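One structure is given below, encoded as structure tokens.
Chain letters run A, B, ... following the sequence lines, proteins first and then strands; every chain starts at 1. Because the structure is predicted, anything quoted here is derived from the model rather than measured.
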Protein chains: 2
Amino acid sequence: MSAGIAHLIDDDEAIRDALSWLLRSRGIETRSWGSAEGFLADYGSAMRGCLVLDIRMQAMSGLELFDRLTQLGCTMPVIFLTGHGDVPVAVQAIKKGAFDFVEKPFNDNELADRVIAALAADRDLWLGRDRKHDIETRLASLTVREREVMDRVLGGKLNKVIADELGIAMRTVEVHRSHVFEKMGVRSAVDLARLLAGGEE
Amino acid sequence: MSAGIAHLIDDDEAIRDALSWLLRSRGIETRSWGSAEGFLADYGSAMRGCLVLDIRMQAMSGLELFDRLTQLGCTMPVIFLTGHGDVPVAVQAIKKGAFDFVEKPFNDNELADRVIAALAADRDLWLGRDRKHDIETRLASLTVREREVMDRVLGGKLNKVIADELGIAMRTVEVHRSHVFEKMGVRSAVDLARLLAGGEE
DNA sequence: AACGCCCTTGCGGATATCCACAATAGCGCC
DNA sequence: GGCGCTATTGTGGATATCCGCAAGGGCGTT
């Protein structure tokens with residue numbers, strides 16, 4: 001499998017081609033667009049990889065595209081390409097959460113390394129997202145009562161105490177507790193605590 | 001108690017005074033230095049608060065001071081003051097982990113707000129550090145055996161299983177387990193798991 | 001009405017945990 | 001040698017947890 005896909009957006013065809021050649025020689029798939037508008041039209045939330053984005057372009061600027069993508073919930077890491085006159089804009093970009101940026105003319109190896117880092121960041125993000133999504137799905141499958149019991153189990157409380165607090169019999173708590181473990185896919189309260197501590201915040 | 005201390009470093013006395021007046025009017029203590037060297041001489045690792053640092057100064061620049069402080073293990077948030085000609089340097093600063101930066105001439109309210117945010121960040125950092133330090137101290141007080149038992153308890157294993165794995169009697173495991181709880185200041189395996197999951201990584 | 005889902009509870013037994021009391025043993029230190 | 005710390009184990013009892021078996025009620029859907 002490939003190292004990931006780099007989406008190149010620059011209105012200078014020569015640069016797109018140079019980037020494309022450089023990255024492909026490092027085993028990175030590439031796709032190119034000549035304008036921010038063009039990329040936006042093709043963008044979908046399932047898109048994976050990273051962006052290499054010229055910050056200065058005709059019509060819609062790279063920064064503007066970045067803002068729109070952010071609004072669309074896009075989380076792909078973005079590497080901006082900047083001329084050294086565009087630096088104030090680059091500052092904005094970084095503060096807004098751009099992954100990195102490089103000044104033109106760029107050093108080939110350096111840029112490729114950063115793209116690779118960006119692709120790795122995207123993968124990590126999705127790994128974390130998958131795990132979190134799985135946990136959320138499991139949590140959503142709990143009934144209200146089960147959730148109440150789980151919260152108290154996580155508080156380290158004994159079944160007896162939980163029963164008192166909820167005004168139900170201990171046996172009932174045990175049943176809920178066991179359902180919680182089953183639904184959450186764990187076999188002990190310890191595992192549950194680690195699952196939730198590791199997958200949230 | 002005060003909102004925190006802002007350390008002002010700028011070779012322009014007029015700016016130092018203006019900053020100092022502004023911040024004090026917002027309840028923030030200030031201390032001023034006219035040079036990076038002067039601040040470095042006074043710096044100690046116990047220093048708390050944040051820095052407001054002119055990025056362009058005689059002799060040692062703000063960025064250079066920032067690098068040295070980082071090497072010294074200083075984690076105070078740094079807000080850089082930059083003229084708009086210094087922007088490329090500001091970019092470097094942000095990439096190196098500066099907390100924020102503002103361009104001169106600055107808007108009073110905006111700058112004060114950022115200083116307040118920086119002070120809050122410093123407090124949070126120390127809160128986290130204190131908790132982590134406390135946990136590490138407790139962990140260090142565990143004997144080797146206790147640690148071995150704890151690791152397995154966190155794995156959700158039953159005392160019986162742990163006893164088998166370590167080749168000792170269940171009773172011994174129980175003793176270690178109880179010591180671990182006592183030393184770590186928790187009363188159940190669940191609490192322990194949450195303590196370690198929340199304080200590490 | 002019948003079915004499914006959830007909440008509820010009781011009984012009883014197999015396991016596990018928690019702990020006080022008690023004891024043996026190695027190791028380093030004064 | 002005595003003292004303290006750590007590791008080790010045993011006995012026995014009070015609690016807790018884990019679970020299958022059994023069963024009643026509420027609620028919404030078909």
Side-chain angles (χ1 to χ4, degrees), chain A residues 131-200, chain B residues 131-200:
Chain A
R131 200 186 53 224
K132 186 176 287 187
H133 181 261
D134 176 58
I135 293 176
E136 278 167 5
T137 302
R138 290 172 185 275
L139 281 177
S141 75
L142 297 179
T143 66
V144 176
R145 228 8 172 197
E146 285 163 355
R147 185 62 185 260
E148 289 174 337
V149 170
M150 188 189 77
D151 290 342
R152 288 166 175 76
V153 167
L154 289 175
K157 292 173 180 169
L158 297 179
N159 288 349
K160 188 205 302 190
V161 179
I162 299 174
D164 276 352
E165 284 186 16
L166 296 180
I168 57 182
M170 238 184 68
R171 184 66 185 90
T172 312
V173 175
E174 290 172 13
V175 173
H176 289 314
R177 181 189 181 113
S178 130
H179 285 163
V180 168
F181 287 170
E182 189 185 345
K183 287 183 177 177
M184 297 303 291
V186 298
R187 288 170 61 247
S188 72
V190 179
D191 289 340
L192 182 61
R194 290 200 308 170
L195 180 70
L196 294 181
E200 309 226 301
Chain B
R131 198 185 55 223
K132 186 176 288 186
H133 181 262
D134 176 56
I135 292 176
E136 279 166 6
T137 302
R138 289 171 186 276
L139 281 178
S141 75
L142 297 179
T143 66
V144 176
R145 229 8 173 196
E146 284 163 356
R147 185 62 186 259
E148 289 173 336
V149 170
M150 187 189 77
D151 289 342
R152 289 165 174 77
V153 167
L154 289 176
K157 292 173 179 168
L158 297 179
N159 288 349
K160 187 205 301 189
V161 179
I162 299 174
D164 276 352
E165 284 186 14
L166 297 181
I168 56 182
M170 237 185 68
R171 184 65 186 92
T172 312
V173 175
E174 290 174 13
V175 173
H176 289 314
R177 182 188 182 114
S178 129
H179 285 164
V180 168
F181 286 170
E182 190 185 345
K183 287 183 177 177
M184 296 303 291
V186 298
R187 287 169 63 248
S188 74
V190 179
D191 289 341
L192 182 61
R194 291 201 309 168
L195 181 68
L196 294 182
E200 308 227 303

Start and end of chain B contact along DNA chain C [non-hydrogen atoms, under 4.0 Å]
dA16(C) to dC21(C)

Rounded to the nearest 0.5 Å, what separation is found between the CE atom of M184(B) and the CG atom of D134(B)?
8.0 Å

Nearest-Å distance for atom pair CZ/P, residues R171(A) and dT17(D)
12 Å

Atom CZ of R177(A) and atom P of dC19(D): how far apart are they, to the nearest Å?
10 Å

Want to settle it: does A169(B) or S141(B) sit nearer the 5' end of DNA chain D, counting the closest nucleotide to each?
S141(B)

Any side-chain N or O of H176(B) under 4.0 Å from OP1/OP2 of dT8(D)?
yes

To the nearest 0.5 Å, what is the distance between OG (S141(B)) and CD (E136(B))?
12.5 Å

Is a side-chain N or O of R138(B) found less than 3.5 angstrom from the main chain of K183(B), in a donor-acceptor match?
yes

T143(B) side chain N/O closer than 4.0 Å to the phosphate oxygens (OP1, OP2) of dA7(D)?
yes

Minimum heavy-atom separation for R194(B) to A193(A), with atom names?
CG-CB, 3.9 Å

Could you give the CE-to-P distance, from M170(A) to dC19(D), as a whole number of Å?
14 Å

Side-chain donor-acceptor contacts of residues 149-168 of chain B below 3.5 Å, not counting sequence neighbours, with atom names and distances?
from: R152(B); atom 1: NE; to: E165(B); atom 2: OE1; distance (Å): 2.7
from: R152(B); atom 1: NH1; to: E148(B); atom 2: O; distance (Å): 3.0
from: K157(B); atom 1: NZ; to: E165(B); atom 2: OE1; distance (Å): 3.4
from: K157(B); atom 1: NZ; to: E165(B); atom 2: OE2; distance (Å): 3.0
from: N159(B); atom 1: OD1; to: R177(B); atom 2: NH1; distance (Å): 2.5

Between V175(B) and A189(A), name the one whose nearest nucleotide on DNA chain D is closer to the 5' end.
V175(B)

Could you state the atom-to-atom distance from CG of L166(B) to P of dT8(D) in whole Å?
8 Å

Using whole Å, report how far CZ of F181(A) lies from P of dT17(D).
10 Å

From the options dT17(D), dT8(D), dT6(D), select the nucleotide whose nearest atom is closest to the side chain of I168(B).
dT8(D)

Working to the nearest 0.5 angstrom, can you tell me the gap between K132(B) NZ and L139(B) CG?
12.0 Å

For the residue pair D191(B) and S188(B), establish whether any side-chain heavy-atom pair is separated by less than 4.5 Å.
yes

Residue-phosphate contact under 4.0 Å: T172(B) side-chain N/O, dT9(D) OP1/OP2
yes

Considering every strand and a 4.0 Å limit on heavy-atom distances, what is the contact class for R145(A): base, sugar-phosphate, or nothing?
sugar-phosphate

What is the distance, rounded to the nearest whole Å, between atom CG of L142(B) and atom C1' of dC5(D)?
15 Å

